[in-house]
Amino acid sequence: MRREIQFRLNGEVVAAQVAPHETLVEVLREAFGLYGARESCGQGMCGCCTVLVDGRAVSGCLYLASLCENAEVRTIEGATMLDAVQEAFVEAGALQCGFCTPGFVLMTRQLLDEIPDPSEDEIRHYLSGNLCRCAAYPEIIEAVKLAASKRRKS
Amino acid sequence: MKRAAQPTETAQVGRSLPRLESWLKVTGRAEYVHNLRLPRMLYGKICRSTVAHGRIKRIEVAAAQAVGGVHRVVTGEDVRELVAEPYYGPAFHDQPVLALDKVRYVGEPVAVVLAADPHVAEEAAHLVQVEYEALPAVYDEVEAMTSAAIVHEVLKPAGTFPDLKHLKGRTNTNVALDFRLRRGDAERAMAKAERVFEHRFRTQQVMHTPLEPLVSVAESTETSLTIHTASQSPSFVRIEIARLLGWPENRVRVRVPFLGGGFGAKLYIKLEALVAVLSLMTRRPVKISLTMEEQFFTITKHASTLRIKSGVTNDGRIVARDCEVWWNGGAYADIGPRVTQKSGFTAPGPYDIDDVRIDSYALYTNLPPAGALRGFGIPQLVWAYESHTDLLARELGIDPIEFRRRNLLREGRPQATGTRMKDAALEKVLERLAVLMSWDERFERGGGTLRRGRGIALGFKACIANTTSLAAVNVNADGSCTVYTSCVDMGQASDTAMAQIAAEVLRIPAEAVTVVHSDTDVTPFDMATLGSRSLFHSGNAVKLAAEDALKKVNQLRDELHLPADAPIADVFKKKYGMRAGSVTGAGNFIPPYTPPDENGQTDNATPFWMVGGTGVELEVDTETGRVRVTRLVNVADVGTPINPKIVETQLSGASIMQLGFSLFEKMQFDAEGQLRNASFAEYKIPGFHDIPDEIVNEAVVSEQSTGPFGGKGVGETGTFGVSPAIANAIHDAVGVRLTSLPMNPEAVFDAISAKSGRE
């Protein structure tokens, strides 16, 4: 039942034995020890399991790992240095328990790639698929604006 | 670069320092039990009851056991072989590790399938067949008072609380606690009052839904047990597991890393007893991770019914108040009896009333158990008394803020328990609310189908007593510092606050302090991280420990004839001739407390008071019933903010959480007690589109004289006034009164329709 797939994970070519039912978030956890994408609601409603596949954010708890064959997969663990978005989240205090934070960081990067200077409405709309039960939403809006200005400066 | 442990002249308390673990969290590297995997670990999947109340006639496990890869299927009877009395709970020993003899709610754990592959365990769990003999069930808390359906045959109070002793062995009742308070003569004062008003309010059952669902892992040897658990109360877990197993406490180790949210869901025993027993049976590590859906069958917030009656004078003085509260505790007591009493005594609200009567009942029903959820019962009470207060002001034609001014409990005046108010900035909070809401200015009221309104509410809370916190502080040879506390950082930033407190004492930067996470083999006892108690209790313990360590360092300085400002590193170097040694300070904090008498009277009900006020501006769409909060103002007495930025995020986060409980969150049950919306697809929590355009947070200038550097708890304060402020604003906008939560579009629309039908 298991078959080997190859893909690029955070820039490195890797292979994994995956079963047809296994989700991306499971394979990242079990085969690669990556825990930044994490299953919470299990229905693609909360965004805690966000992973970038070929540059697009997907819900890792629903996305089948076998679909990643030859894909470019990026997780929150992808970089060793903090980027402008992560710095902004730290500085704006845009996190509490931290469980949803990697998902928000990845979505914010994608948002700023598409809209470098988003309005508050655009931020709310773009991030509406990510939930934060600690409700750090006002601080997240602040962080996105701060990240946008940091990116413009660099 | 500045040395980490270099003495600092900058005050550490009052710094808006980012959380010390921020970097770990933005890179996804923070440690959660969710991530833990151990060699040879088994995963447990729970088979749950399908009936609300029934006798277990037969459990058939053969089909599940036969699935390839299944290690073992375990039922309540298997547990009973290992633990003769496998019942746990903080107030009552009423909850079985797995159901025994009968089930008491839909979703109660009945059996567990263990397998190395969680998918195998899950598939097999569906094959466990249980036959029940259905029993009559009761769901409503008021009906439970007199229902023929009895949830527990015999009441089994834990015996540690004097006020529960009289309940021991009681039969034929669903009342788990009947708390009463009598002050003056409410009946006589009511009879003499110029006017009397009575209202009834309801709140719904909701769930905490921490995004890291409940999770525990146990590993064992012949003589020891280690539990890694997402718990807010590691010290309690150790004591309770040791009691269940009949082991000494030092053979049970409980470790807690970061929590992915708690909000009261991760208290006392949840999965810990189950994984402990499973690991001892199999001699392998066992992990149980609940799904989001399963969390709804584990712990919830009390639904409640509240009746409140006031006698008033025509010029707006409240002279008598009579409150009755029924708390729907679900099938197991959990901490419900404490909510009933510790919050129950504030049911008359922050008003100066001589004659008060309170009856507060904890009820068993056939619903998922209820416990503490960010407010320990207070948001339910404030919902009732601040809706009621607004109605009184309207009836008397007095401005709602002015009405509150006339009745406010001032500093030094006795509250309903007789305890005099101290360090409770009710007046300041009310006045700042009036200013921030521009209350005396003209308010734009909208028109057509979009009507605007505004409202305020003011709540207060006593902190649970009697509770203890211990801490230790190690000053290392380089002057850096390590804090040992069993306070749990579930997102509220207690690590950062504790580091700031220790750093302030030791005059080093907070960044030079490391806080060791709860590990009962290492960190000293702490009652639990709940009810906004930790900044005050654990914070005081950390401060005492740091002062003790500093005293010892200063003694060394004297002994070694070093100047008072000699760097700590030099002290150790001179003492030991090299970089070696350390100094440990200990702190033990338990504030004074007087237990209430049979009338609920005491001269010292609480170590401190929390005060929270909320102002709301909103618009109501009269065609759809949709309410949009456009401006939310949170004003609080938090004492001295140890970290102002974090205090602000606590106030804001709590208010948004309560916004969800006010406007849309609701666990919906059918007539058979079956929950219909146990998932995020059907149970909506606040997201970006629900957040008000403007949120204002303010901590009034105040100081908690007994708190660490003047600080006190804040985690719950932002929740207090949100629901009634919204109801009061809806009334202001469209002239209808909602008395039941949530105030969803359907409820608002129905109320508007009913009113236009009447007119």
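None of the values given here were measured: they were computed from a predicted structure.
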May I ask you to decide whether [X] forms a salt bridge with [Y], counting only side-chain N to carboxylate O separations under 4.0 Å?
| X | Y | answer |
| --- | --- | --- |
| Arg29(A) | Glu39(A) | no |
| Lys45(B) | Asp117(B) | no |
| Glu665(B) | Lys301(B) | no |
| Asp83(A) | Lys150(A) | no |
| Arg38(A) | Glu212(B) | no |
| Lys645(B) | Glu142(A) | yes |

Residues in side chain to side chain contact (heavy atoms under 4.5 Å, CB included) with Phe664(B), at least two apart?
Lys684(B), Pro686(B), Asp690(B)

Counting heavy-atom pairs under 4.5 Å to chain A, which of [options] comes out on top?
| options | result |
| --- | --- |
| Leu290(B), Thr649(B), Asp693(B) | Thr649(B) |
| Tyr32(B), Trp23(B), Phe258(B), Phe263(B) | Tyr32(B) |
| Pro18(B), Gly687(B), Ser22(B), Gly261(B) | Gly687(B) |
| Ile656(B), Ile646(B), Leu659(B), Asp489(B) | Ile656(B) |
| Ile685(B), Thr27(B), Leu211(B) | Leu211(B) |
| Thr209(B), Thr291(B), Ile695(B), Leu24(B) | Thr209(B) |

For each of [options], tally heavy-atom pairs with chain B at distances under 4.5 Å, and name the one with the top tally.
| options | result |
| --- | --- |
| Ala37(A), Gly36(A), Gly129(A), Ala135(A) | Ala135(A) |
| Leu127(A), Val105(A), Val85(A) | Leu127(A) |
| Asp121(A), Thr101(A), Thr75(A), Ile76(A) | Ile76(A) |
| Cys100(A), Pro102(A), Cys41(A) | Cys41(A) |
| Glu22(A), Arg133(A), Glu120(A), Glu30(A) | Arg133(A) |

Is a donor from one side chain sitting under 3.5 angstrom from an acceptor on the other, for [X] and [Y]?
| X | Y | answer |
| --- | --- | --- |
| Glu26(A) | His119(B) | yes |
| Glu716(B) | Thr719(B) | no |
| Tyr43(B) | Glu122(B) | no |

Any sub-3.5 Å donor-acceptor pair from Ser652(B)'s side-chain atoms to Glu648(B)'s backbone N or O?
no

Donor-acceptor under 3.5 Å (Lys287(B) side chain, His34(B) main chain)
yes

Please flag which part of [X] lies under 4.5 Å from any non-hydrogen atom of chain A: side chain, backbone, both or neither.
| X | value |
| --- | --- |
| Phe680(B) | both |
| His208(B) | backbone |
| Leu259(B) | backbone |
| Pro692(B) | backbone |
| Ala681(B) | both |

Which bit of [X] is near chain B, if near means a heavy-atom gap under 4.5 Å: side chain, backbone, both or neither?
| X | answer |
| --- | --- |
| Gln43(A) | side chain |
| Cys48(A) | side chain |
| His21(A) | side chain |

Checking Arg56(A) now: which residues fulfil salt bridge (charged side-chain N to carboxylate O under 4.0 Å, His left out) with it, not counting sequence neighbours?
Glu114(A)

With Asp495(B) via salt bridge (charged side-chain N to carboxylate O under 4.0 Å, His left out) - residues at least two apart
none

What orientation do His689(B) and His125(A) show, parallel under 30°, tilted 30 to 60°, or perpendicular over 60°?
tilted

Against chain B, residues from residues 86-96 of chain A with at least one heavy atom under 4.5 Å, in numeric order, are Gln86(A), Phe89(A), Val90(A), Ala92(A), Gly93(A), Leu95(A), Gln96(A)

